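Given the structure is predicted, the values throughout are model-derived calculations rather than measurements.
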Amino acid sequence: MVSDADIEASLMQHAIARGADKSFCPSEVARALADDWRVLMPRVRTCAARLPLRATQQGAPVDPLTARGAIRLSLAQDPD
């Protein structure tokens with residue numbers, strides 16, 4: 001069983017590896033963690049919401065918990 005800590009660590013590792021200016025699909029993390037990755041997607045979004053990640057749809061910020069359809073995640077930008 002994949003723990004939330006495993007999901008959170010994988011999300012952050014993925015985001016850091018991509019860099020601040022690149023986004024990724026949360027399903028990439030779910031696929032890396034489980035063969036039956038689709039069942040992990042709600043937990044991946046929940047974990048993403050707790051982390052310093054930015055969720056977007058078509059470039060616009062969204063809440064990963066309430067957004068419907070595909071989202072992209074990236075490292076949150078520090079406000080200047």
Side-chain angles (χ1 to χ4, degrees):
M1 173 106 177
V2 178
S3 71
D4 283 359
D6 292 334
I7 295 170
E8 290 173 2
S10 187
L11 282 164
M12 289 309 295
Q13 289 170 356
H14 210 85
I16 290 166
R18 283 287 166 99
D21 59 339
K22 301 282 184 180
S23 66
F24 62 96
C25 181
S27 69
E28 294 176 46
V29 170
R31 289 171 198 258
L33 293 172
D35 289 333
D36 192 10
W37 61 271
R38 284 181 179 87
V39 298
L40 272 186
M41 288 304 297
R43 285 182 51 216
V44 169
R45 284 184 176 221
T46 298
C47 289
R50 294 191 294 252
L51 297 171
L53 296 174
R54 179 176 185 234
T56 59
Q57 271 183 331
Q58 298 177 345
V62 295
D63 181 340
L65 299 177
T66 59
R68 300 189 73 145
I71 64 170
R72 304 285 296 174
L73 298 172
S74 60
L75 288 172
Q77 301 293 322
D78 290 328
D80 292 335

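Within the 4.5 Å cutoff, the side chain of S27 has no heavy atoms near those of the R38 side chain. Contact annotation: the side chain of S74 never approaches that of L53 to less than 4.5 Å [non-hydrogen atoms, C-beta and beyond]. Residues C25 and R72 meet the side-chain proximity criterion, which asks for heavy atoms closer than 4.5 Å. Contact check for L73 versus I71: side-chain heavy atoms found under the 4.5 Å cut-off. For the pair R50/E8, a side-chain contact is recorded, criterion being any heavy-atom separation below 4.5 Å from C-beta on. The shortest distance between side-chain heavy atoms of L75 and K22 does not fall below 4.5 Å.
Panel note: side chain R54, backbone S23; no donor-acceptor pair is recorded below 3.5 Å. One N or O on the side chain of Q57 and one on the backbone of A70 form a donor-acceptor pair closer than 3.5 Å. Side chain of R45 to backbone of P26: no donor-acceptor contact under 3.5 angstrom is found.
The CG atom of L40 sits 8.0 Å away from atom CE of M1, with the distance rounded to the nearest 0.5 Å. How far CE of M12 is from CD1 of I7: 14.5 Å, rounded to the nearest 0.5 Å. Distance CD/Q13 to CD1/I16: 7.5 Å, rounded to 0.5 Å.
The two residues A67 and V62 come nearest to each other via the heavy atoms CB-CG2, 3.8 Å. In this structure, F24 and V29 approach most closely via the heavy-atom pair CE1-CG2, 3.8 Å.
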Quick one: do S10 and L33 satisfy side chain to side chain contact (heavy atoms under 4.5 Å, CB included)? Show the steps, please. CA-CA 8 Å; S10 187; L33 293 172; 4.2 Å; yes

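Side-chain heavy atoms closer than 4.5 Å link hydrophobic residues (I, L, V, M, F, W, Y) into clusters, and following such links, even through other members, never connects V39 to L65.
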